[in-house]
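No hydrogens, no waters, no symmetry mates; every other heavy atom, side chains included, goes into these values. What you see is a predicted model; the values in this text were computed from it and never measured.
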Amino acid sequence: SRVWQLAFLAMDQKGYRRGSFQSSTSDEDMLEIAGASLDFPMADDDPPLDREMGGFSSYNGGEMNGTSKMMDFLEEPLPGVGTYEDFNTIDWVREKSRDRDRHREITSRSKESTWALIHSVSDAFSGWLLMLFIGLLAGSLAGLIDISAHWMTDLKEGVCLAGFWFNHEHCCWKSNTTFTDRDKCPEWKSWSQLIIGHGEGAFAYILNYLMYVIWALLFSLLAVLLVKGFAPYACGSGIPEIKTILSGFIIRGYLGKWTLIIKTITLVLAVSSGLSLGKEGPLVHVACCCGNILCHLFTKYRKNEAKRREVLSAAAAAGVSVAFGAPIGGVLFSLEEVSYYFPLKTLWRSFFAALVAAFTLRSINPFGNSRLVLFYVEFHMPWHLLELVPFILLGIFGGLWGAFFIRSNIAWCRRRKTTKLGKYPVLEVFVVTAITAILAFPNEYTRMSTSELISELFNDCGILDSSKLCEYVNDFNSTKGDDLPDRAAGPGVYTAMWQLALALIMKVFITIFTFGMKVPSGLFIPSMAVGAIAGRLLGVAMEQLAFYHHDWVIFSGWCSQGADCITPGLYAMVGAAACLGGVTRMTVSLVVIMFELTGGLEYIVPLMAAAMTSKWMADAIGREGIYDAHIRLNGYPFLEAKEEFSHKTLAMDVMRPRRNDPPLTVITQDSMTVEDVETIINETTYSGYPVVVSRESQRLVGFVLRRDLIISIENARKKQDGIVSTSIIYFTDHSPPLPPSFPSMLKLRSILDLSPFTVTDQTPMEIVVDIFRKLGLRQCLVTHNGKLLGIITKKDVLKHIAQLANQDPDSILFN
């Protein structure tokens with residue numbers, strides 16, 4: 001209807017100008033003034049229209065009201081006007097138009113003076129400078145977290161005498177021990193060697209076991225107490241909340257300085273405690289905190305919520321870049337998984353931020369191997385087409401595990417929310433850590449940190465490898481160069497196999513209870529560990545099958561005796577990708593992250609096959625990935641862009657007020673007093689109110705936000721003479737004619753949104769949902785024959801979608 005009005009105005013503008021100003025008694029005419037003013041710049045309160053129509057102001061009261069009564073308040077924007085309250089959704093359209101106005105003003109001023117030109121250049125450059133700062137800070141924090149976590153993980157098993165700040169590996173670097181005994185250097189002492197003087201025997205084992213459990217409990221308790229006491233938002237992975245924030249929701253403090261400080265410290269503690277969690281997801285949260293805090297250095301990002309979200313998208317890319325040493329994977333992760341609005345400019349800036357972050361981490365070199373991650377591997381063996389069958393089987397396993405994990409974890413988290421369990425977060429962390437540590441210590445594959453486990457599983461056995469996984473029966477006559485042929489498994493491999501099988505069972509179940517506790521916990525590493533164990537087990541089985549049955553039809557064409565046909569490490573890598581894909585439903589970014597991790601470009605096809613199979617399998621069981629499931633569980637107002645809306649409902653079915661509800665709360669454009677408006681504000685909790693010409697006509701003029709009204713009225717009472725409870729508030733260009741005895745009037749036109757989005761009551765809901773998704777609206781007004789009928793908010797849309805999916809509509813908690 002608004003489009004129709006504007007078209008009509010354009011057709012017959014001159015006629016309207018003549019007609020509208022002769023009489024201002026008719027509601028229709030008043031509406032046309034409101035409409036006509038849209039065609040003129042809003043920079044000043046006297047549009048060109050008035051200058052043509054000389055004498056208009058004298059008609060509107062002239063000397064009778066006097067110019068002193070025409071209080072045009074808010075010529076200078078007030079602090080707080082246009083901002084949002086906590087747990088509210090931003091108006092993307094308004095934020096983007098504000099930024100365009102700001103940019104236009106800077107561009108026009110830049111032609112006036114050299115100083116303005118310099119300001120214009122610095123404004124254009126500020127985005128890149130901000131990306132540089134984010135990359136440097138995120139890379140530095142990631143390096144600090146990596147080094148600290150590595151040291152504290154080793155602290156559970158012993159201490160370095162040469163310097164307590166060295167971890168096990170660094171401690172033994174300067175030692176003269178042989179390569180096979182590189183882990184048994186004299187400078188490194190286990191706790192039993194330190195306390196009772198020797199490391200052999202049952203008592204030494206029990207002492208080491210006890211110290212391991214005590215350190216694990218100490219680290220996890222410290223982490224949960226810090227989170228509970230200083231920054232409750234620092235728990236979990238943070239990715240579901242970041243997805244919600246990037247879609248336009250406001251959660252104050254979620255990306256604040258306290259959250260950053262506590263998350264950085266507690267992430268190190270949580271990872272070091274040996275819990276089944278990773279640091280990769282929380283690193284995205286840490287990077288986004290860096291982005292949000294650094295935004296305050298630049299006015300254009302500090303004052304504009306939509307611009308700030310572009311920065312946070314780039315910061316998320318930098319977070320994944322330092323988590324996996326995968327800058328391109330980070331950009332694709334931000335695009336595919338977390339971002340809601342991702343223009344081309346943000347893509348370039350994300351790329352730059354990810355590059356700087358990866359470069360910074362590489363300069364710090366946290367692992368001492370010139371790599372950005374602990375489990376970097378390189379494979380050079382080609383794979384055979386027939387191996388796609390086991391790769392697809394791994395994909396199916398990953399999908400099944402992903403779906404099982406999501407269902408179980410969500411059921412457990414829902415139980416935590418709805419029962420007394422949620423009131424005892426410290427006790428829960430204590431119990432889960434105790435169980436994890438007690439079960440983990442006897443098995444060397446669960447005792448080591450999960451990153452080291454993945455590193456060992458990805459590793460391809462060489463001649464010098466002393467790991468149990470590489471204890472094959474050696475026949476050195478057939479060795480050609482570096483490549484070892486497929487060999488018969490020795491006793492060490494069989495021991496490793498059943499230990500890995502037990503580790504797999506433990507990881508599968510313990511991760512369900514760990515993810516979602518009140519400590520920082522990522523899901524990438526535990527998921528990859530489950531997949532890598534399953535993959536390695538399958539890889540070794542395939543290798544032994546090929547060794548003993550190389551004359552079978554499936555092997556005869558490509559695997560002769562004494563050749564190196566099967567690489568078990570590759571199966572571990574494909575399994576890791578499949579399980580991570582099954583849980584998160586990532587595809588493109590997952591494959592890119594995996595090949596950036598491993599440097600194996602020739603393995604893109606196996607990775608793609610496993611990732612797609614895993615996604616299809618998991619989607620067949622349940623449509624949601626783990627992050628979307630947690631968003632729904634927490635009731636965040638997130639409108640999923642990937643889901644199709646296929647129902648045949650209309651706008652009138654969803655809008656409020658419904659049939660038996662009280663009428664819609666509206667404000668009239670020039671007949672309500674300050675007291676009337678304050679009564680409406682106090683009696684309702686709505687985020688904003690439609691402004692109409694009059695209650696009788698219900699013709700729409702615009703929309704005004706509750707927060708803007710409160711701030712403007714409070715400010716006017718303090719700073720403007722003569723504003724009392726009986727003062728008339730008007731939203732028109734000119735004050736209505738009133739007798740001289742009336743108190744000063746308050747003009748609030750500048751806080752009125754004159755172009756609110758409207759749809760008719762017959763608009764199909766699929767179009768309305770699409771408008772909300774693509775424009776990021778907060779609310780949309782519903783009209784019938786040009787008259788205001790009702791309002792649809794983002795929350796109404798989400799409740800409607802939940803209702804149609806047979807879910808509880810009241811689970812959408814926030815405004």
Legend entry - Within-4.5 Å side-chain heavy-atom neighbours: Pro343 and Thr346: yes
Legend entry - Nearest-0.5 Å distance that lies between atom CG in Leu347 and atom CG in Leu335: 7.0 Å
Legend entry - Thr244 (side chain) donor-acceptor with Pro240 (main chain) under 3.5 angstrom: yes
Legend entry - Heavy-atom check, side chain of Arg656 versus side chain of Thr793, under 4.5 Å: yes
Legend entry - Backbone of Asp86 reached by a side-chain donor or acceptor of Asn88 within 3.5 Å: yes
Inset, instruction - Can you see which heavy atom on Ala316 is nearest to which on Val338, and at what distance? - result: CB-CG2, 3.9 Å
Inset, instruction - Consider only side-chain N and O atoms of Tyr84 and Ser687, and report whether a donor and an acceptor are under 3.5 Å apart. - result: no
Inset, instruction - Start with the C-alpha distance between Thr649 and His800, add both sets of side-chain angles, then the distance that settles side-chain contact (heavy atoms from CB on, under 4.5 Å), and finish with yes or no. - result: CA-CA 10 Å; Thr649 46; His800 182 62; 3.0 Å; yes
Legend entry - Pairing of Lys307 and Glu95 as salt bridge, 4.0 angstrom limit: no
Legend entry - No-hydrogen, no-angle side-chain donor-acceptor test under 3.5 Å, Ser334 and Ser339: yes
Legend entry - Residue pair Asp628 / Lys243, side-chain heavy-atom distance below 4.5 Å: yes
Legend entry - Main-chain N/O of Thr89 paired to Arg778 side chain as donor or acceptor, under 3.5 Å: yes
Inset, instruction - Find the distance between OH (Tyr689) and CG (Leu705) and round it off to the nearest 0.5 Å. - result: 10.5 Å
Inset, instruction - Give the intermediate values and the outcome of side-chain contact (heavy atoms from CB on, under 4.5 Å) for residues Ile771 and Lys774. - result: CA-CA 5 Å; Ile771 291 171; Lys774 288 175 179 167; over 6 Å; no
Legend entry - Check ion pair Lys518-Glu428 (N to O, under 4.0 angstrom): no
Inset, instruction - State whether the side chain of Arg407 and the backbone N or O of Ile621 hold a donor-acceptor pair below 3.5 Å, judged by distance alone. - result: yes
Inset, instruction - Decide yes or no for Leu332 and Glu337: does some side-chain heavy atom of the first lie under 4.5 Å from some side-chain heavy atom of the second? - result: no
Inset, instruction - For residues Val320 and Val284, determine if any side-chain heavy atom of one lies less than 4.5 Å from a side-chain heavy atom of the other. - result: yes
Legend entry - side-chain contact (heavy atoms from CB on, under 4.5 Å) between Ser313 and Leu246, worked out: CA-CA 7 Å; Ser313 289; Leu246 288 178; 3.9 Å; yes
Inset, instruction - Would you please test Phe324 and Phe333 for ring-ring contact (aromatic ring centres under 6.0 Å, His included) and show each step? - result: CA-CA 11 Å; Phe324 290 108; Phe333 173 81; 8.5 Å; no
Legend entry - Side-chain heavy-atom pair Phe219, Leu222 within 4.5 angstrom cut-off: no
Inset, instruction - Compare every heavy atom of Thr259 with every heavy atom of Gly253, then report the nearest pair and how far apart it is. - result: O-OG1, 2.7 Å
Inset, instruction - Assess the side chains of Arg102 and Asn304: does a donor N or O sit below 3.5 Å from an acceptor N or O? - result: no
Legend entry - Pairs flagged by ring-ring contact (aromatic ring centres under 6.0 Å, His included) wherever residues 275-312 is involved - sequence neighbours left out: Tyr254-His285
Inset, instruction - Please confirm whether the backbone N or O of Tyr636 pairs with a side-chain atom of Asn634, one donor and one acceptor, at under 3.5 Å? - result: no
Inset, instruction - Indicate whether any N or O donor in one side chain lies under 3.5 Å from an N or O acceptor in the other, for Asn409 and His630. - result: yes
Legend entry - Main-chain N/O of Ser247 paired to Trp92 side chain as donor or acceptor, under 3.5 Å: yes
Legend entry - Thr360 versus Ser140, side-chain donor and acceptor atoms under 3.5 Å: no
Legend entry - Side chain to side chain, Phe351 and Ile328, heavy atoms closer than 4.5 Å: yes
Legend entry - Side-chain H-bond candidate by donor/acceptor type, Arg308 with Asn292, under 3.5 Å: yes
Inset, instruction - To the nearest 0.5 angstrom, please state how far the CG atom of Leu633 sits from the CD1 atom of Ile631. - result: 11.0 Å
Legend entry - Side-chain touch Phe133/Val356, heavy atoms, less than 4.5 angstrom: no
Legend entry - Under-4.0 Å salt bridge between Arg623 and Glu640: no
Inset, instruction - May I ask you to check whether Ser589 and Glu336 show a side-chain donor-acceptor distance below 3.5 Å? - result: yes
Inset, instruction - Take Arg309 and Tyr341 through the test side-chain hydrogen bond (donor to acceptor under 3.5 Å, both in side chains) and record every step on the way to the result. - result: CA-CA 8 Å; Arg309 273 152 184 73; Tyr341 171 68; over 6 Å; no
Legend entry - Minimum heavy-atom distance Val331-Phe342, with the two atoms named: O-CZ, 4.3 Å
Inset, instruction - Please report the C-alpha distance between Arg585 and Asp619 in whole Å, then the side-chain angles of each, then the deciding distance to 0.1 Å, and finally whether the salt bridge (charged side-chain N to carboxylate O under 4.0 Å, His left out) criterion is met. - result: CA-CA 8 Å; Arg585 310 296 159 87; Asp619 278 351; 2.7 Å; yes
Inset, instruction - Assess whether atom CZ of Arg415 is packed by more than 12 heavy atoms of other residues, nucleotides or ligands within 6.0 Å. - result: no
Inset, instruction - Assign the ring pair Phe405 / Phe515 to parallel, tilted or perpendicular, where the plane angle (0 to 90°) is split at 30° and 60°. - result: tilted
Inset, instruction - Quick one: closest heavy-atom pair of Gly522 and Ser237, and the distance? - result: CA-CB, 4.3 Å
Inset, instruction - Look at atom NZ of Lys96 and say whether more than 12 heavy atoms of other residues, nucleotides or ligands are closer to it than 6.0 Å. - result: yes
Inset, instruction - Check the pair Asp101 / Arg94 against salt bridge (charged side-chain N to carboxylate O under 4.0 Å, His left out), numbers first and verdict last. - result: CA-CA 11 Å; Asp101 292 345; Arg94 184 168 79 154; over 6 Å; no
Inset, instruction - First locate atom CZ of Phe757, then atom CZ of Phe772, and finally report the distance between them rounded to the nearest 0.5 Å. - result: 10.5 Å
Inset, instruction - Could you tell me whether the side chains of Ser220 and Ser273 share a donor-acceptor contact shorter than 3.5 Å? - result: no
Inset, instruction - State whether the number of non-hydrogen atoms from other residues, nucleotides or ligands found under 6.0 Å of Trp128 atom CH2 is greater than 12. - result: yes
Inset, instruction - Return yes if some donor-acceptor pair links the side-chain N/O of Ser321 with the main-chain N/O of Ala317 below 3.5 Å, else return no. - result: no
Inset, instruction - Looking only at non-hydrogen atoms, find the nearest pair between Val654 and Asp796 and report the distance. - result: CG1-O, 3.9 Å
Legend entry - Shortest non-hydrogen separation from Asp123 to Ser126 and the atoms involved: O-OG, 2.8 Å
Inset, instruction - Carefully, step by step, assess Leu523 and Thr584 under the rule side-chain contact (heavy atoms from CB on, under 4.5 Å). - result: CA-CA 9 Å; Leu523 196 57; Thr584 61; 5.5 Å; no
Legend entry - Rounded distance [0.5 Å steps], CD in Glu310 versus NZ in Lys345: 5.5 Å
Legend entry - Main-chain N/O of Arg658 paired with Asp661 side-chain donor or acceptor, under 3.5 Å: yes
Legend entry - Note: Asp99-Lys300 ion pair, threshold 4.0 Å (strictly below): no
Inset, instruction - Go through the side-chain N and O atoms of Arg706 and Tyr686 and say whether any donor and acceptor fall under 3.5 Å apart. - result: no
